[in-house]
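Heavy-atom basis, side chains included; hydrogens, waters and symmetry copies ignored.
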Amino acid sequence: MTIHSVVIQKLLTTNAHIGRQVATHHFKQFTYGFRNRQSIIDSDKTLICLRNALNFLSCLSRDPSSSFLFINTNPLFQPIIDEMTSRVTSLIPERASSLWKMRGFLTNSCSPKKFRSRHKKLVFAPTKMPDCVVIFDTERKSSVFLEAERLGIPIVALVDSSMPWEYYKKVTYPIPANDSVQFVYLICNMITKCLMLEKKKDGAKGPGKKATIKDQVESTSESEGSASDEVLVVPYENLAPMSCADVAESKQLLDKLVVVKYNGALGKNMGFGGPKSLIEVKNGSTPLDLIVNQIQSLNSKYGCNIPLLLMNPKNTHNDIVKALEKYSTLDVDIHPFEQGEHTQHESFVTEGCEDKWQSSKHGAHFLSLMNSGTLDVLLAQGKEYALVVNPDNVAGVVDPKILNHLAQNSIEYCSEVTPTTSNGLINFMASSLQGMFKLEDFTSDHSEKSVKGFKFIDTRSLWLNLKAIKRLVDTSALNLDNLSTLKLFENSIGISIPQSRFLPLNCTSDLFLLQSDLYSFTEGMFVRNDARVSPSDPSIALGPEFEKISDFKRRFETIPSIVKLDSLEVNGDVWFGADIVLKGKVVIDASPGLTLRIPGGVVLEDEEINDPTDI
C-alpha cells in the first residue's frame, strides 16, 4: 500500500468525505456526486488543499515573530484545540504568546479587551495583529471573514458543501471536508507536527540561529547553486497597489516603462493568414487594439509616455504597419521594427536545462533589439523597465501594481506565472502557492496533457530591468541563449497572477471563451463577469468542424452564454442558434452524417446530446 493510499484511508476514517445534503455551485469542483442524498467530497482534492494550507502555516512559522489566531465556537472542538496549543507551547516556549485561542468573533482588533465571545467570556490577547486566522467551524454569519478580509489577514478554514459563496471566496486556503471531531483532531495533530518540524529544522542550523522567511530568501539568493535551482514566487494578491492619490508619483513610475510586443505568432492553424495580433477577439477589436488602447488610457490618465515597440518578422511587418495607420490620432508612441533573419531563432531555451527557467523564445528577439542600440536610446530617455508581452496572451497588458512592486523591491527579472489546473483547483490557489519553488515545477506548455506534474505555467510575459540588461550586455555575460538564467540577475522572482491575466489565443476554443459573455473589456483590459460563481474558467473543446475561424463564425449565430458553464465538448456537424444558454457540463456529439442544429433560446444544463430528440 502506498503512502498516498494510507493518507486517503486515514481521511476516510474521519468521515471527511461526507458532505451536506446540498452542494453549492462553487463547491461542485470538490465533489464526486451524491449518495443517499448527501454530497460526497473528493478526498484527493481535500488532501491537495490540506497540503497547501499546511505548507503556508509551515512557511509562516519559520518567522519567530509570526502569530496565529484559532477561531472556534463548537464546544466539541475546544478540548482538541486546547491540547494542540498546550503541546506546542510546552515544546516550543517562544510560541506561548503567538498562539491565540478564541471561542468568539474577532472584533475591535486594536483593543483586545473588547474581544467578545458567544459564551460571554473575555479573552485577553496581544495587541499585535495575527498573521493568519484558522477557522475550524465556519459559521455563515461569522464576522471573522469580513474583518479578516478588511485587515488583509489570510484565512485557513474548513469549508463544507453548503457554505455560501460570499464567505467562501474570502477564504485564502479552503480545506473542503466534513467538520467532524475526528477530522478536526487530525488537522490539529498535523498543525502541531508541522510547527514542531519547523522548530527542529531551525534548531539544526545551530544555537541562536533562527532564520526568518526573509533570511532564507536572502541566503538562497546568495548561494549560486540554490539561485539556479529555485525561484521565489510571490502571489499577485500580496502586491501593494500603486497609490492613485499621488498622480505625479504614478506618472514618474510609468514614465520609466517601455512595452515590447513580438508579432511573429501566426494564426495559420485557425485559417487566418496574418499574425494573431490582428485576429478580432471581441467586438471587432484585435489583441493589438487592446494593448494600444490600454497604453493610451494610461497615458491620458497619468500624463505619462509609455512607448510601444513592435518587433515584426518580415512575413508580418507590412500587415502590422498597415494596421497601425488607424492609431495615428492616438497619444501613443509606437515604433515598429522589422526583424532581420539573424534574429529568427527557433529555440532560445534548451528544454530540460536545469539552470534555466523555461521561458519564451520571443525574449531572444527582445535581446537582439537591445543589442542593436535601442537599449542605449531607451536608457537615455529615462526608461528603466521593459514589459515583454507574450504574443499568444491576449490579456498580457501593463499592470501598474506589478511595476510598483518591481520598483519598490529592486527586482531585475520577473516572469508572470499561473498555477496549473492540477495544483490550482480554484483561482485562490494563485495566493496559496507561494515561497521558493524548484525550476522543474514550471512549464511553458499550458496544454492540459503537458501540465501534469508541474505546479506553475510560465505565461512567457517578462518584466525586465533595463539597467541590469545593460550591465550584463556590457560584460558579455548575457546572450541570446541565456536571457532566462536567473543567477545572472541580482533579484529575480515569479508572480503568481490570476487567470484573468493569462488568456491564450491558440485555437477557436480559446476564441469562443474570449467572445462569450464571460469576459468584457474596458480600457484595453479584459474584465471577468462578476456573475461567474466558479473561480476557474470553463473547459471548452470544439471539434475539427470549428477549427477554422470562418467555420467558427458560420456555426454560431451568436456565442452562447457560458457564465454558469463548467465544460463544453462539441463534435460533429453542429450548428448553434442565437441566445443559447449553457450550464454545468454539456456534451454535444453529432453522429457521422448527421447535422445537429441547436435551436435559439434553449437552455442546456448538464446534458448530453447525440440527436435532435435529446434537445
Looking at side-chain heavy atoms only, is the closest gap between [X] and [Y] below 4.5 Å?
{"X": "M311", "Y": "K261", "result": "no"}
{"X": "D333", "Y": "I295", "result": "no"}
{"X": "R501", "Y": "V397", "result": "yes"}
{"X": "Y236", "Y": "E416", "result": "no"}
{"X": "L278", "Y": "I320", "result": "yes"}
{"X": "V260", "Y": "L387", "result": "no"}
{"X": "V292", "Y": "L330", "result": "yes"}
{"X": "T522", "Y": "S520", "result": "no"}

Mark yes when over 12 heavy atoms from residues, nucleotides or ligands other than [X] sit less than 6.0 Å from its [atom1]; otherwise mark no.
{"X": "K326", "atom1": "NZ", "value": "yes"}
{"X": "K401", "atom1": "NZ", "value": "yes"}
{"X": "Q381", "atom1": "CD", "value": "yes"}

Heavy-atom donor-acceptor pair, [X] side chain to [Y] backbone, under 3.5 Å:
{"X": "K276", "Y": "L505", "value": "yes"}
{"X": "S300", "Y": "Q296", "value": "yes"}
{"X": "D255", "Y": "N305", "value": "yes"}
{"X": "T316", "Y": "N263", "value": "yes"}
{"X": "N404", "Y": "P400", "value": "no"}
{"X": "E412", "Y": "E490", "value": "yes"}
{"X": "R460", "Y": "V388", "value": "no"}
{"X": "D510", "Y": "L503", "value": "no"}
{"X": "R555", "Y": "W575", "value": "no"}
{"X": "N299", "Y": "D331", "value": "yes"}

Item to check | Residue pair L324, L288: steps toward the side-chain contact (heavy atoms from CB on, under 4.5 Å) verdict | outcome: CA-CA 9 Å; L324 294 178; L288 184 59; 4.2 Å; yes
Separation of [Y] [atom2] from [X] [atom1] (nearest 0.5 Å):
{"X": "F526", "Y": "L513", "atom1": "CZ", "atom2": "CG", "result": "9.5 Å"}
{"X": "T286", "Y": "I279", "atom1": "OG1", "atom2": "CD1", "result": "9.5 Å"}
{"X": "S509", "Y": "N506", "atom1": "OG", "atom2": "CG", "result": "10.5 Å"}
{"X": "F272", "Y": "L511", "atom1": "CZ", "atom2": "CG", "result": "11.0 Å"}
{"X": "N390", "Y": "Y262", "atom1": "CG", "atom2": "OH", "result": "12.0 Å"}
{"X": "S461", "Y": "D399", "atom1": "OG", "atom2": "CG", "result": "11.0 Å"}

Checklist entry - Any luck finding a side-chain donor-acceptor pair between S415 and D458 under 3.5 Å? => result yes
Closest approach of [X] and [Y], non-hydrogen atoms and distance?
{"X": "Q294", "Y": "V398", "answer": "NE2-O, 2.6 Å"}
{"X": "C304", "Y": "L254", "answer": "SG-CB, 3.8 Å"}
{"X": "L266", "Y": "N269", "answer": "O-OD1, 4.2 Å"}
{"X": "C132", "Y": "V156", "answer": "SG-CG2, 3.9 Å"}
{"X": "Q515", "Y": "V281", "answer": "CG-O, 3.0 Å"}
{"X": "V394", "Y": "P287", "answer": "CG2-CG, 4.3 Å"}

Checklist outcome for this item: Residues passing the ring-ring contact (aromatic ring centres under 6.0 Å, His included) test with Y385, sequence neighbours excluded, are none
Item to check | ring-ring contact (aromatic ring centres under 6.0 Å, His included) involving Y519 - partner list, sequence neighbours excluded | outcome: none
Checklist entry - Going through the distances and angles, do D441 and V231 end up as a side-chain contact (heavy atoms from CB on, under 4.5 Å)? => result CA-CA 10 Å; D441 293 332; V231 63; over 6 Å; no
Checklist entry - Mind checking whether F546 and F512 have ring centres under 6.0 Å apart? => result no
Checklist entry - Given the side-chain rings of F456 and F437, with only the six-membered ring counted for Trp, is the space between their centroids under 6.0 Å? => result yes
Does [X] come within less than 4.0 Å of [Y], counting only side-chain N to carboxylate O?
{"X": "K470", "Y": "D376", "result": "yes"}
{"X": "D551", "Y": "K548", "result": "no"}
{"X": "D566", "Y": "K583", "result": "no"}

Next on the checklist: As a quick check of understanding, evaluate side-chain contact (heavy atoms from CB on, under 4.5 Å) for K314 and E338, giving each step before the final call.
Outcome noted: CA-CA 6 Å; K314 290 184 177 181; E338 182 178 358; 3.1 Å; yes
Item to check | side chain to side chain donor-acceptor pair (under 3.5 Å) involving D517 - partner list, sequence neighbours excluded | outcome: S561
Item to check | side-chain contact (heavy atoms from CB on, under 4.5 Å) assessment of L565 paired with V586 | outcome: CA-CA 8 Å; L565 178 69; V586 178; 4.1 Å; yes
